[in-house]
S.K.: 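There's a structure below that I have some questions on.
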Amino acid sequence: GDMPHKQTTSMLVGSYVDAYFSGELAEFKTEHPEIFNSRNGNLKADYINAERIIKRARQDEFFMAHVTAPNVQTILTGWIFGHEWKVKVDALHEDKIVDFKVMRDMKPIYQGGEWRTFVDAWRYPLQGYIYREIVKQHVGKELPFYLTYNHFNEMAEEYFVESREYPVNDFTIDNFH
């Protein structure tokens, strides 16, 4: 079944951007009236920033090549470790899997008594492994997993877009404790 979770503002901002790139922004706005200011009906500041993120992302050809695909926001299910898993792939291409992240920054995170990269702290290699395995069950071949992320640079006061392939080919579940 679906895991219940509280929708934070950060999660809603990411979902707002996802909805834009999947062509579902109008529906998202209807389903989430809390993103609007109740006094004047305008978008709240966090979602005005989401509009800036979208504008910046659309200017980056490399990014757009990654997030625009024949299959966007694709829901797939499969079996891993004897359990059924459900994933929602942001962009499924014939030759790659792309997951889009929106974040405030890429600063290292202190976790478990040590500093970790943002990617490792949030266990994106594990996500990549799971996505790759589920996609392989559906398309019959392994595809590389890319994280494409948009983050704010406080010093430059602008948004940056980066796309990177993450090495999950050699990943094993033993990497995580």
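Side chains are part of it too, since the values below use all heavy atoms of this structure and drop only hydrogens, waters and symmetry mates.
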S.K.: Got Asn49 and Val13 here, is their nearest side-chain heavy-atom distance under 4.5 Å?
M.R.: no
S.K.: Around atom CD of Glu61, are there more than 12 heavy atoms of other residues, nucleotides or ligands at under 6.0 Å?
M.R.: no
S.K.: Where the side chain of Tyr131 meets the backbone of Leu126, is there a donor-acceptor pair that is under 3.5 Å apart?
M.R.: no
S.K.: Check the pair Arg123, Tyr129 against side-chain contact (heavy atoms from CB on, under 4.5 Å), reporting the backbone distance first and the verdict last.
M.R.: CA-CA 10 Å; Arg123 298 188 174 203; Tyr129 172 82; over 6 Å; no
S.K.: Kindly indicate whether the side chain of Phe28, heavy atoms from C-beta on, has any atom under 4.5 Å from the side chain of Leu12.
M.R.: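 When only atoms from C-beta onward are counted, Leu12 and Phe28 do touch, with a gap below 4.5 Å.
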S.K.: Please name the pair of heavy atoms, one in Ile97 and one in Arg132, separated by the smallest distance, quoted to 0.1 Å.
M.R.: CD1-CA, 3.8 Å
S.K.: Enumerate donor-acceptor pairs with a distance under 3.5 Å from any side-chain N or O in residues 31-40 to protein atoms, sequence neighbours excluded.
M.R.:
residue: His32; atom: ND1; partner: Glu34; partner atom: OE2; Å: 3.0
residue: Asn37; atom: OD1; partner: Arg39; partner atom: N; Å: 2.8
residue: Asn40; atom: OD1; partner: Asn42; partner atom: N; Å: 2.9

S.K.: Go through the structure and list residues passing side chain to side chain donor-acceptor pair (under 3.5 Å) with Ser22, not counting sequence neighbours.
M.R.: Glu24
S.K.: Under the side-chain contact (heavy atoms from CB on, under 4.5 Å) test, which residues partner Tyr20, sequence neighbours left out?
M.R.: Leu25, Ile54, Arg58
S.K.: Do the rings of Tyr47 and Tyr16 sit parallel, tilted or perpendicular, given the 30° and 60° boundaries?
M.R.: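 It falls in the tilted class, 30° to 60°.
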S.K.: According to side-chain contact (heavy atoms from CB on, under 4.5 Å), who are the partners of Lys141, at least two apart in sequence or on a separate chain?
M.R.: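 So Lys141 forms a side-chain contact (heavy atoms from CB on, under 4.5 Å) with Val139, Leu143.
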S.K.: Got a list of side-chain donor-acceptor pairs under 3.5 Å for residues 71-78, not counting sequence neighbours?
M.R.:
residue: Gln73; atom: NE2; partner: Asp90; partner atom: OD1; Å: 3.1

S.K.: Hey, could you give me the NE2/CG distance between His138 and Leu92, rounded to the nearest 0.5 Å?
M.R.: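 His138 NE2 to Leu92 CG: 10.0 Å, rounded to 0.5 Å.
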S.K.: Just so I know, are the side chains of Gln59 and Lys55 near enough to count as touching, which here means a heavy-atom distance under 4.5 Å?
M.R.: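 Counting from C-beta outward, Gln59 and Lys55 do come under 4.5 Å.
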S.K.: Please enumerate all residues that pass side chain to side chain donor-acceptor pair (under 3.5 Å) together with Glu27, with sequence neighbours excluded.
M.R.: none
S.K.: Using a 3.5 Å cut-off and no angle test, enumerate the donor-acceptor pairs between side-chain atoms of residues 108-115 and protein atoms at least two apart in sequence or in another chain.
M.R.:
residue: Tyr110; atom: OH; partner: Gly113; partner atom: O; Å: 3.3
residue: Gln111; atom: NE2; partner: Ala121; partner atom: O; Å: 3.4
residue: Glu114; atom: OE2; partner: Arg116; partner atom: NE; Å: 3.2
residue: Glu114; atom: OE2; partner: Arg116; partner atom: NH2; Å: 3.2

S.K.: Kindly write out the residues that satisfy side chain to side chain donor-acceptor pair (under 3.5 Å) with Asp99, not counting sequence neighbours, or none if the list is empty.
M.R.: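 Checked Asp99 against side chain to side chain donor-acceptor pair (under 3.5 Å); matches are Lys101, Gln127.
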S.K.: Rounded at 0.5 Å granularity, tell me how far CD1 in Ile134 sits from CH2 in Trp79.
M.R.: 10.0 Å
